[in-house]
Structures are given as structure tokens and as C-alpha cells.
Amino acid sequence: MVERDAAPRAGPPGGDTRLPPDTARNLALNRIGLFEWDIESGRMQMDPVALDIFDLRPEEYPGDADSLISRLTQEESDRIDAVVDEALARGREAHGTYFRIRRRDGSLRWAHGQGHFLPEETGRPRRIVGIVRDATQELTSAVERGAVEVGHRPPVIGIEMTAAALSRALTVRDVIEVLESIGGGIGTVPERPVTLMLGLVEGGRLHLVTRGRVGAVPVPEYSALDDENPMCEVVRTRELRLIGSRQEYAERYPRLWPHLEPLEFGSAAYLPLVAQSRTLGAVGILFSEEVPFTPEDRGSYIGFSSSLAQSLQRAILFDHEHEIAEGLQQTMLPRIPAVPGAEVAVRYRAARLRRELGGDWYDLVPLPGGKVGAIVGDVTGHDIKAAAVMGQLRIALRAYAAEGHSAATVMARASVFLQELGGDRFATCLYAEADPLAGELRIVRAGHLDPLLRQADGTCRPLPVAGGLPLGLSAEFDALEYPVTPVELGADETLVLYTDGLIEQPGTDLDEGRRELIEAVTTGPYDLEELADHLPSALGYRTGDDDTALLLMRRVGAPAPHLRRRLHQHVAPADPESLATARHMLREAVRAWGITDRADDIELVADELITNSLLHTDGGAVVTVLMLPGAERRLRLEVQDRSSGWPRRRQPGDAGTSGRGLLLVDMLTDVWGVESRGPGKAVWCEFGTTAGH
């Protein structure tokens with residue numbers, strides 16, 4: 001069984017699971033034992049009946065799952081692990097499987113284990129509680145009993161397990177994995193195949209797509225269908241071929257035999273794969289022992305080949321349609337241009353469990369002044385209409401952004417555009433206007449997930465971004481105000497934009513998926529392209545029913561000394577959230593620019609100017625903070641509003657509650673003033689600093 005690198009959980013090695021006396025006695029009489037398995041640590045508690053089924057004495061059992069290997073073959077151990085891992089990956093609540101136990105006298109006995117996953121507080125399965133029972137008596141027929149005694153899998157179990165596994169196989173790769181997991185365990189033949197081969201008919205030839213997990217057969221990857229080998233023969237004749245001995249093999253295929261003679265095998269089975277009168281390919285299995293195949297074996301293999309052929313036909317169709325959908329989707333996505341001052345990596349992954357087109361996309365738009373617009377979005381639905389809407393919306397966003405509109409205006413116009421398309425589709429979207437050379441981001445969010453920021457030290461955190469309604473809905477409900485969140489992107493920091501298909505799993509919380517993504521970003525490789533490959537792979541078990549778009553942007557190098565660094569934030573009246581965002585922007589700018597000696601003065605003056613603007617004017621205010629160029633480090637703060645009335649400095653009385661604002665500004669700043677700005681004005685002030693020299 002798999003090894004677990006974690007500290008063992010405290011507890012007695014073979015501690016009993018407490019049950020009411022009558023219940024425990026009834027389970028014991030029916031040879032049903034209880035176990036509890038801690039998946040993380042590998043500790044497994046088993047009651048006396050369970051230990052007896054494994055033919056272990058309590059003093060022999062140290063209390064961990066790995067110690068059971070002495071009673072299981074490696075193949076059985078691997079299969080049990082595969083059953084558990086598959087159940088975990090597919091989010092099932094329980095699992096069960098038959099397996100063989102080798103007792104201390106060398107005999108083999110059948111057992112059946114069944115477990116139920118118990119989740120921890122985060123919802124992730126941590127423990128398995130279940131039962132294990134002696135299943136030998138279930139095999140009542142003489143053939144079944146004989147199969148158990150010589151170590152063969154009983155036909156009913158092999159066929160049922162195979163049929164169940166094939167029914168869940170979606171792709172050809174899934175079908176191959178089923179074949180590799182079952183080995184040759186169909187009918188009464190041994191379970192120790194030398195190799196297992198699957199060949200598919202492609203363009204009038206037989207393509208050998210897998211040679212199994214043990215050994216290899218010296219057969220070419222492609223063979224003409226009229227070649228003298230059993231794989232091609234069963235394709236031509238559509239008839240099963242069972243070869244019970246090496247001598248029989250040498251007599252039937254004398255030209256092929258010199259290539260196979262070095263292999264240690266005793267018998268072989270070759271199965272044609274025919275579905276709806278079409279021959280798809282063939283399966284070949286070589287066994288380590290000579291087997292006198294019985295009529296029951298022939299019937300088992302005929303049933304197995306029919307089930308396999310139907311699953312394979314579905315898988316080929318699924319793969320073909322999925323390939324077409326993904327190829328069309330890829331052609332609709334843009335080529336990413338080089339970005340001065342930044343590295344960019346993008347990925348798109350189609351839904352693994354769907355054949356339809358999706359509505360997820362990414363984009364990178366060159367903007368005036370050396371800036372770029374980074375976009376990810378998701379149109380609702382998974383069909384050709386979703387893809388069509390996505391294509392039109394992406395083009396519209398590119399056009400609005402390239403015209404030089406502000407980030408908020410780009411989103412508002414895109415929302416109106418989507419509504420005017422008609423239909424019932426809307427889209428979530430995140431747009432980041434980036435100046436990588438200056439390290440400035442202005443982010444707008446329309447119903448989308450917040451981005452992440454991977455810092456220079458490798459740690460990752462969410463970037464809270466003020467948001468508006470999804471595109472299309474904001475136009476429908478006349479809510480086209482999209483707040484802008486400014487962010488400082490430091491050297492070697494990475495912006496992570498993604499769609500919900502990367503972290504969403506049915507039945508789980510998105511926050512859990514986001515936490516796993518943050519962990520994957522933190523522990524992922526430094527190289528951006530490798531990180532872009534790592535993230536979908538690390539969260540692959542969550543994906544499947546939705547497509548995924550991913551865009552990573554890392555700032556490289558420090559800003560040029562002559563570049564002006566500037567951040568803006570709109571503060572709406574009666575909107576505490578936008579005021580808090582403006583304060584956050586100021587704190588981040590002061591921290592990033594190293595102006596720590598004046599941080600308190602700057603924040604106090606900014607609060608005073610913003611509050612004064614909101615109280616005495618109509619409409620909102622625009623807060624701008626920038627570093628002035630030149631040898632002297634000076635920070636400039638501006639608060640602009642729509643009123644033409646200029647503030648007046650006056651001396652308040654002793655009992656006055658107002659009038660001190662501009663006095664405070666005058667005391668804390670180096671210089672301040674008022675300027676006309678179109679129909680309104682801007683109150684500005686500057687702060688000199690010695691920090692960072």
C-alpha cells in the first residue's frame with residue numbers, strides 16, 4: 001500500500017471499535033470486522049475479527065496500513081490504493097472492492113472491504129471507517145471455489161468490476177487505464193499477465209497504442225491488417241483467439257514466434273473489438289502460465305470484448321468531438337504579444353467532461369503609452385452560442401481598451417454591448433490596465449473572482465478588488481458604475497487572473513478551491529511557463545465540468561528612475577467601501593514607494609480633503625497620488641471634485657466644530673494649493689521625504 005509521510009496518530013495498534021455488545025457479536029458471527037484508516041498518517045485500527053481475517057495476531061500488528069502488505073500481493077495492494085484514490089478523486093462518499101489475502105499457511109482467501117469517507121472541518125476526506133469480511137463462501141460454484149484455491153479471480157467479480165469501470169470511462173485514455181488496472185483477470189485465467197496490448201484500427205493499419213504495464217512485446221507500433229500476427233488476425237476475422245500453451249503459439253505463428261520466444265509467458269488471449277458492425281481494434285493478453293481455457297472463459301472473454309468495444313466506441317467519439325471543440329476554441333483565443341517590463345503566460349483548458357464549446361477566454365491588449373490590458377472572462381453556458389458571444393465580447397473589449405478609454409469605461413461599454421446583443425447570456429470579467437515598467441495596475445471587476453498576487457518571496461495572497469455586476473446585467477439594471485482598484489506591482493511579483501473552472505468542484509465551497517489554488521501558486525515553480533502548467537495539473541481533480549482560462553503576468557526589473565508613478569481612485573458619495581479602498585491605495589503607495597517618515601501625515605491630510613469634498617460638493621471625488629520626477633523625492637496628493645467653489649481657510653472659534661481642515665493641511669504639508677479642472681477644481685498638496693535615500 002502507499003506510504004504516508006506523516007506522523008502516526010496516537011492510539012493502540014489494534015484498538016477495538018466500540019459497538020453495542022449484541023451488534024459486535026452479530027458482526028463477529030458473520031465474520032465481519034471493523035476498521036478505521038487515517039488516510040494522512042496511514043494508521044489503521046482493526047478489531048479482532050478484522051485481524052483474524054488477515055490471519056494476524058494482535059501482537060503482530062503494529063497498527064499501520066503498510067504492515068498489511070505481508071498478507072497482500074503487490075498487485076492487490078496497488079489495486080486497493082487505486083480504488084481509494086479514484087473514489088477520492090471523483091468525490092464519492094464510499095468505496096468497496098474484493099481482494100485476496102494470503103494466509104500464513106500460504107493459502108489464498110477472498111475478502112471484501114467497504115469503507116466510508118469521513119471529512120474533516122474543511123470538507124476534505126481524512127478518515128475511512130468500514131468493514132472487512134471473509135468473501136470466500138460467496139463463491140459457491142465448483143469453478144469459483146477452484147479459482148480461489150489456485151489464486152484466480154472468480155469470473156463474476158472480474159466481469160462486474162470491469163463493466164463498472166468501463167461504464168465510467170469517458171476517453172480512450174480512461175479505457176486504457178481500466179485495461180491496465182484489471183490486468184488479465186477475466187474468467188478463470190491467472191491475474192499475472194506478462195503484458196497487455198491494445199491496438200486500434202487507423203487508416204487501414206493497426207496502431208498499437210499500449211503495451212501494458214509489465215514487459216513489452218517486440219511488435220511494431222503500426223502493422224498492416226494482413227500481417228501474420230494474432231492481433232491483426234482477430235481484426236480480420238472478428239473471432240476470439242485463445243492460445244493455451246507456448247507450443248501452440250509456436251505452431252500457429254511460426255514467423256512471429258522467434259520474436260516472442262524470449263518472453264516468459266505461457267498462454268495468450270486475443271479479443272476483437274467490434275461495435276455496431278465496425279471493428280475498432282483488438283486486445284492481446286499474454287499470461288505467465290499455461291492455461292487450459294474453458295468454455296466459461298470463452299464466454300467471459302466474449303462478453304468482456306463486447307463491453308470494451310462499446311466503451312471504446314463511446315470514448316473515440318468523445319475524444320473526437322472534444323478535440324474539435326478544443327481546437328475551435330483555441331483558434332478563437334488571441335496570440336499574446338511581448339510586453340516590455342513583464343513576462344506573460346496564458347493557458348486555456350477545455351472542460352474534460354464536456355464535448356461542447358465553452359465561454360472562458362483570456363486576452364492581452366496593447367494600450368497607448370506602453371501599457372497593456374490583461375483580461376479574463378467567462379460567458380455563461382457551454383455551447384456554440386456561448387463561444388460565439390465570447391468571441392464578439394472579446395473583440396468589443398479589445399476595441400474599447402485600444403481606443404484609450406479608462407478601465408471603468410471599458411467595462412461599462414462592454415456591458416452595454418453585451419446587452420444589445422440580446423439573448424439571455426451575461427459574462428463575468430476582470431480587466432487589469434497594467435503599466436509594467438512603472439509597476440502600476442488599475443483593476444476593474446465585473447462579477448468575477450478576485451485575482452491573486454504572488455509576491456517576490458513566493459508567498460501568495462488574494463487581491464481584494466471592488467466590483468460591479470457582471471457584464472450585461474449591469475446594463476440591464478442601469479448600474480454601470482465600476483469602481484477602479486489601484487495596485488502597486490512590485491519587481492518580481494506576479495498577477496494571477498483565472499476563471500472559476502480552475503477551482504470549482506460540484507458540492508464544494510469555492511473558498512476551499514481558492515485556498516488550494518493559493519497553496520499551489522505558493523509551492524509552484526518559479527518559471528512562469530512551468531507555473532502555468534503546474535496550476536491546472538495541481539487542481540486537475542477539481543476541473544472537469546467547466547473550461548478554464550488562466551493568465552499570469554510577472555513584472556521584471558525595477559522601474560526606470562525617470563518614470564512617474566501615479567495611482568487614481570474614484571470615491572463615490574455615501575460609499576464607505578470606496579473610501580476604504582482609497583485609504584488602502586494610499587497606504588500601499590506609501591509602503592511601496594518607501595515614504596514611511598510621512599505616512600501618518602499623508603493619510604490624515606487625504607482623509608481631510610476627501611471628507612471635505614464629499615460634504616461640501618455634489619458627486620464624488622477622484623483621489624490621485626503620484627511621485628514627482630526629479631532628484632528630490634516628493635509625493636503629490638490631489639483630490640478633484642465637480643464643484644467650482646474654492647475652499648476658504650478661516651480661523652474657528654473656541655467652540656467651533658469646523659474650519660480647521662485647511663489649517664491642518666497647511667501645518668502637515670510642505671506646500672498646497674487649488675487649481676481649476678474643467679467644470680470643477682482640484683486641491684493638491686506635496687510632501688517631501690528623506691526615506692528611501
Original post:
Is a salt bridge present between D547 and R349, judged by a nitrogen-to-oxygen distance below 4.0 Å?
Top reply: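 Salt bridge flag = no for R349 with D547.
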Residues forming a side-chain contact (heavy atoms from CB on, under 4.5 Å) with [X], sequence neighbours excluded:
X: D457; answer: Q455, T459
X: L604; answer: L664, L668
X: V484; answer: A408, R442, V444
X: P464; answer: none

**OP:** Sequence neighbours left out, what passes ring-ring contact (aromatic ring centres under 6.0 Å, His included) with H534? Give chain and number order.
**Re:**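 None.
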Subject >> With sequence neighbours excluded, residues passing salt bridge (charged side-chain N to carboxylate O under 4.0 Å, His left out) with D600 >> reply: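 Partners of D600 under the salt bridge (charged side-chain N to carboxylate O under 4.0 Å, His left out) test: none.
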Is any side-chain heavy atom of [Y] closer than 4.5 Å to one of [X]?
X: I503; Y: L510; answer: yes
X: T494; Y: M553; answer: no
X: D500; Y: L502; answer: no

Subject >> Residue pairs passing the salt bridge (Lys or Arg N to Asp or Glu O under 4.0 Å) test where at least one lies in residues 363-380, sequence neighbours excluded >> reply: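 Salt bridge (Lys or Arg N to Asp or Glu O under 4.0 Å) check on residues 363-380 returns D363-R394, D363-R398, K371-E433.
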Original post:
Pairs in or reaching into residues 517-529: which pass salt bridge (Lys or Arg N to Asp or Glu O under 4.0 Å), with residues at least two apart or in two chains?
Top reply: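 Listed once each, the pairs are R347-E529.
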Apply side chain to side chain donor-acceptor pair (under 3.5 Å) to [X] and list each qualifying residue two or more places apart in sequence or on a separate chain.
X: E476; answer: none
X: R454; answer: none
X: E686; answer: R634, R636
X: Y431; answer: none

**OP:** For atom CG of D511, decide whether the heavy atoms of other residues, nucleotides or ligands shown that lie under 6.0 angstrom number more than 12.
**Re:**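 Above 12, so yes.
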Original post:
Side chains of D360 and Y348: donor-acceptor distance under 3.5 Å anywhere?
Top reply: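 Side-chain D/A pair, D360 to Y348: absent.
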**OP:** Go through the side-chain N and O atoms of S474 and Y482 and say whether any donor and acceptor fall under 3.5 Å apart.
**Re:**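 Side chains of S474 and Y482: pair found under 3.5 Å.
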Subject >> Any donor-acceptor N/O pair, E608 side chain to V605 backbone, under 3.5 Å >> reply: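 Checked: no pair found.
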**OP:** Without swapping roles, check the side chain of R555 against the backbone of P436 for a donor-acceptor pair under 3.5 Å.
**Re:**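 Yes: the side chain of R555 pairs with the backbone of P436.
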